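Encoded as structure tokens, the structure appears first; notes follow it.
Since the model is a prediction, treat every value here as computed from it, not as a measurement. Keep in mind that the numbers below use all heavy atoms, side chains included, and drop hydrogens, waters and symmetry copies. Atoms within a ligand are numbered from 1 in the order they appear, just like the ligands themselves.
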Amino acid sequence: MEYKIVTIPGDGIGPEIVREACRVLDQVGESYGHTFSYTKILMGGCSIDEYGVPLTDEALATAKQADAVLLGAVGGNVGNSRWYDVAPNLRPEAGLLAIRKGLNLFANMRPAYLYRELADACPLKKEIIGDGFNMVIMRELTGGLYFGERHTEEVNGVLQATDTLVYNENEIRRIAIKAFDIAMKRRKHVISVDKANVLDSSRLWRKVVEEVAKDYPEVKLEHMLVDNCAMQLVMNPGQFDVVLTENMFGDILSDEASMITGSIGMLSSASFNETKFGLYEPSHGSAPDIAGKDIANPIATILSAAMMLRYSFDLDKEAAAIETAVQEVLTEGWRTSDIMADGCKQVGTTEMGGLIAAKVAANAIN
Ligand code: NAD
């Protein structure tokens with residue numbers, strides 16, 4: 001079967017890491033009999049250079065035609081780049097907001113997985129890490145406090161600012177369905193995080209999540225207050241499988257969860273709309289400080305491609321083949337410079353991509 005992928009290499013290290021992810025995808029295609037076709041579009045600084053805007057309508061229309069989008073990263077050196085001498089809506093990162101809005105991506109998924117081989121980079125104590133952790137944070141992306149009405153006014157001579165946190169039941173239901181669907185492909189355990197002891201929006205959140213849970217009898221649902229969740233993430237991260245939460249709580253908790261993995265070059269992410277379509281990207285930025293040097297870690301992007309196979313194309317076996325290949329390459333001691341440790345063998349971006357692709361090929365034969 002042929003899968004249509006739109007790639008957005010973007011800026012900085014983006015082209016290097018997307019190239020390696022496509023190389024691994026091509027190997028999956030060859031080994032498992034699939035065809036992945038790529039259409040490249042410009043977004044970010046490279047689009048500004050070519051068209052004067054970070055994302056053209058044509059590029060967005062092309063992305064809408066795809067089965068999935070694979071993004072590297074956009075943006076340059078913020079303090080020292082001509083891309084930032086313009087209004088915020090014309091800067092590279094405005095392309096990200098435009099594509100998320102244009103594709104109606106309301107659900108963000110960020111896995112936090114600790115590789116045994118990288119446990120030394122985890123800031124938590126060994127007794128807390130235990131057997132490691134493997135969770136995903138499902139964050140609502142288009143509602144809540146960041147999108148509610150806001151204003152600042154003077155009341156009786158005192159400045160007062162108001163932000164509103166609004167959710168309707170449909171917005172909650174669609175992200176909850178995504179989270180339960182993803183739980184069905186994992187360990188079937190959802191922890192829904194809210195502040196239902198205080199907030200009305202959280203009480204509605206809880207009610208709707210419980211309604212959705214009835215359609216997934218195999219999935220265990222628990223509720224956790226957000227302050228407790230922030231503590232539990234650093235006290236017992238192994239308890240989490242799928243964490244489902246609203247926009248602002250998810251913003252904070254997903255950063256906390258990624259920090260405890262200790263390695264930014266390993267963290268993948270995905271954003272979804274109501275269909276199987278997804279936009280897949282590493283959690284890190286365009287790292288202009290190391291761009292073009294063949295030293296960036298391509299693994300976050302390669303793992304994002306694995307997520308694409310699993311969640312947009314339902315190619316679970318092929319996704320697992322990439323994840324196993326990454327695991328084996330790490331176990332053999334291959335490292336890019338960002339995750340280098342004593343006794344390991346340092347390789348660059350291209351070589352790391354090649355090693356992972358070779359593992360995919362070898363494992364498919366065995
Ligand atoms: P960054 O994630 O690009 O880099 C932070 C640090 O981590 C840097 O030292 C960088 O060299 C390192 N790093 C990041 N990814 C790496 C990788 N794969 N391998 C090895 N090292 C890696 O964050 P930043 O420096 O704050 O931002 C740089 C640019 O990226 C800015 O223009 C910012 O706006 C943009 N940005 C884009 C996205 C996106 O496209 N989704 C996300 C975040 C930041």
Side-chain angles (χ1 to χ4, degrees), residues 6-21 24 41-49 54-55 59 63 69-86 88-103 105 108-110 115 118 121 139 141 251 254-255 258-259 261-271 278-305 307 326 329-330 334-341 344 346-353 355-356:
V6 157
T7 62
I8 309 180
D11 308 313
I13 60 171
E16 301 165 63
I17 55 181
V18 167
R19 181 194 67 217
E20 294 312 311
V24 172
I41 62 172
L42 297 185
M43 191 173 91
C46 55
S47 174
I48 295 173
D49 287 345
L55 182 71
V69 174
L70 182 65
L71 165 65
V74 299
N77 191 334
V78 178
N80 178 24
S81 164
R82 63 190 178 287
W83 295 332
Y84 296 90
D85 292 337
V86 293
N89 65 330
L90 292 175
R91 291 177 189 171
E93 291 77 5
L96 286 171
L97 301 179
I99 201 160
R100 285 180 188 145
K101 188 159 182 254
L103 297 173
L105 303 174
N108 178 250
M109 173 167 77
R110 271 169 69 174
Y115 287 90
L118 305 181
R139 166 190 171 191
L141 214 51
D251 186 8
S254 59
D255 270 8
S258 30
M259 278 322 294
T261 68
S263 42
I264 193 168
M266 305 288 297
L267 294 168
S268 51
S269 102
S271 302
L279 180 144
Y280 299 84
E281 58 179 319
S283 292
H284 58 72
S286 62
D289 51 330
I290 57 167
K293 296 182 178 164
D294 195 39
I295 56 172
N297 186 347
I299 294 180
T301 318
I302 291 169
L303 291 172
S304 301
M307 289 209 295
V326 169
V329 164
L330 293 175
W334 303 103
R335 301 281 189 277
T336 43
S337 59
D338 57 311
I339 52 171
M340 186 59 190
C344 293
Q346 190 166 325
V347 291
T349 313
T350 314
E351 202 174 346
M352 181 56 95
L355 285 164
I356 294 167

- Query: Just checking, is any N or O donor in the side chain of S271 or R100 under 3.5 Å from an acceptor N or O on the other one?
  - Reply: no
- Spell out, as yes or no, whether a donor-acceptor pair under 3.5 Å connects the side chain of R91 to the backbone of V86. yes
- Could you find the nearest protein heavy atom to atom 39 (C) of ligand 1 and give me its residue, atom name and distance? L96 CD1, 3.6 Å
- For ligand 1, is there an N or O atom under 3.5 Å from any N or O atom of A296? no
- Task: Begin with the C-alpha distance, continue with both residues' side-chain angles, and end with the deciding distance and a verdict on side-chain contact (heavy atoms from CB on, under 4.5 Å) for I356 and I299.
- Result: CA-CA 9 Å; I356 294 167; I299 294 180; 4.0 Å; yes
- Note on the structure: Here the pair of heavy atoms bringing G265 nearest to H284 is CA-CD2, 4.0 Å
- Closest approach of any protein heavy atom to atom 28 (C) of ligand 1, naming residue and atom: P288 CD, 3.5 Å
- If you round to the nearest 0.5 Å, how far is CZ of R110 from CG of D251? 8.0 Å
- Query: Going by the order shown, which atoms of ligand 1 are within less than 4.0 Å of some heavy atom of Y84?
  - Reply: 32 (O)
- Under 3.5 Å: donor-acceptor pair, side chain of E281, backbone of S269: no
- In this structure, atom 5 (C) of ligand 1 is nearest to the protein heavy atom I264 CD1, 4.8 Å
- Would one find an N or O of N77, backbone or side chain, under 3.5 Å from an N or O of ligand 1? no
- If you measure from atom 30 (O) of ligand 1 to every heavy atom of S269, G75, S286, which option wins on shortest distance? S286
- Message: With nothing but distance in play, are any N or O atoms of V78 less than 3.5 Å from an N or O of ligand 1?
- Response: no
- Nearest heavy atom to atom 38 (C) of ligand 1: which of A287, P298, A300, G285 does it belong to? G285
- Ranking I17, D289, N297 by closest non-hydrogen atom to atom 18 (N) of ligand 1, top hit is N297
- Would one find an N or O of G76, backbone or side chain, under 3.5 Å from an N or O of ligand 1? yes
- Query: Are any of the heavy atoms in W83 under 4.0 Å away from ligand 1?
  - Reply: no
- Between the side chain of D11 and the main-chain N/O of G44, is any donor-acceptor distance below 3.5 Å? no
- Location of contacts on L71 toward ligand 1, heavy atoms closer than 4.0 Å: neither
- For V74 and ligand 1, does the shortest N/O to N/O distance drop below 3.5 Å? yes
- Query: Donor-acceptor pair, T261 side chain versus S258 backbone, under 3.5 Å?
  - Reply: yes
- Any N or O of E93 closer than 3.5 Å to N or O of ligand 1: yes
- Message: To the closest 0.5 Å, what do you measure between CG (D255) and CZ (R139)?
- Response: 8.5 Å
- Output yes when a side-chain donor or acceptor of R335 lies under 3.5 Å from a complementary backbone atom of L330, and no otherwise. yes
- Message: Just to be sure I read this right, does ligand 1 sit under 4.0 Å from the backbone of S337, its side chain, both, or neither, counting only heavy atoms?
- Response: neither
- Option among T7, T349, T350, T301 that satisfies the side chain to side chain donor-acceptor pair (under 3.5 Å) test with R19: T350
- Message: Would you say atom 25 (O) of ligand 1 makes contact with the protein, given that contact here means a non-hydrogen protein atom less than 4.0 Å away?
- Response: no
- Task: Evaluate the side-chain contact (heavy atoms from CB on, under 4.5 Å) criterion for residues M266 and D338: first the C-alpha distance (whole Å), next the side-chain angles of each, then the deciding distance (0.1 Å), finally the verdict.
- Result: CA-CA 10 Å; M266 305 288 297; D338 57 311; 5.7 Å; no
- Note on the structure: So the atoms of ligand 1 within less than 4.0 Å of a heavy atom of A73 turn out to be 40 (O)
- Going through the checks in order, is the side-chain contact (heavy atoms from CB on, under 4.5 Å) test met by I8 and I99? CA-CA 11 Å; I8 309 180; I99 201 160; 3.6 Å; yes
- Message: Out of all atoms in ligand 1, which are within 4.0 Å of some heavy atom of E281? Include the element for each.
- Response: 41 (N)
- Any protein heavy atom < 4.0 Å from atom 14 (C) of ligand 1: yes
- Message: Can you report which non-hydrogen protein atom sits closest to atom 22 (C) of ligand 1, along with the distance?
- Response: I290 CD1, 4.0 Å
- Part of I295 within contact of ligand 1 (heavy atoms, under 4.0 Å): neither
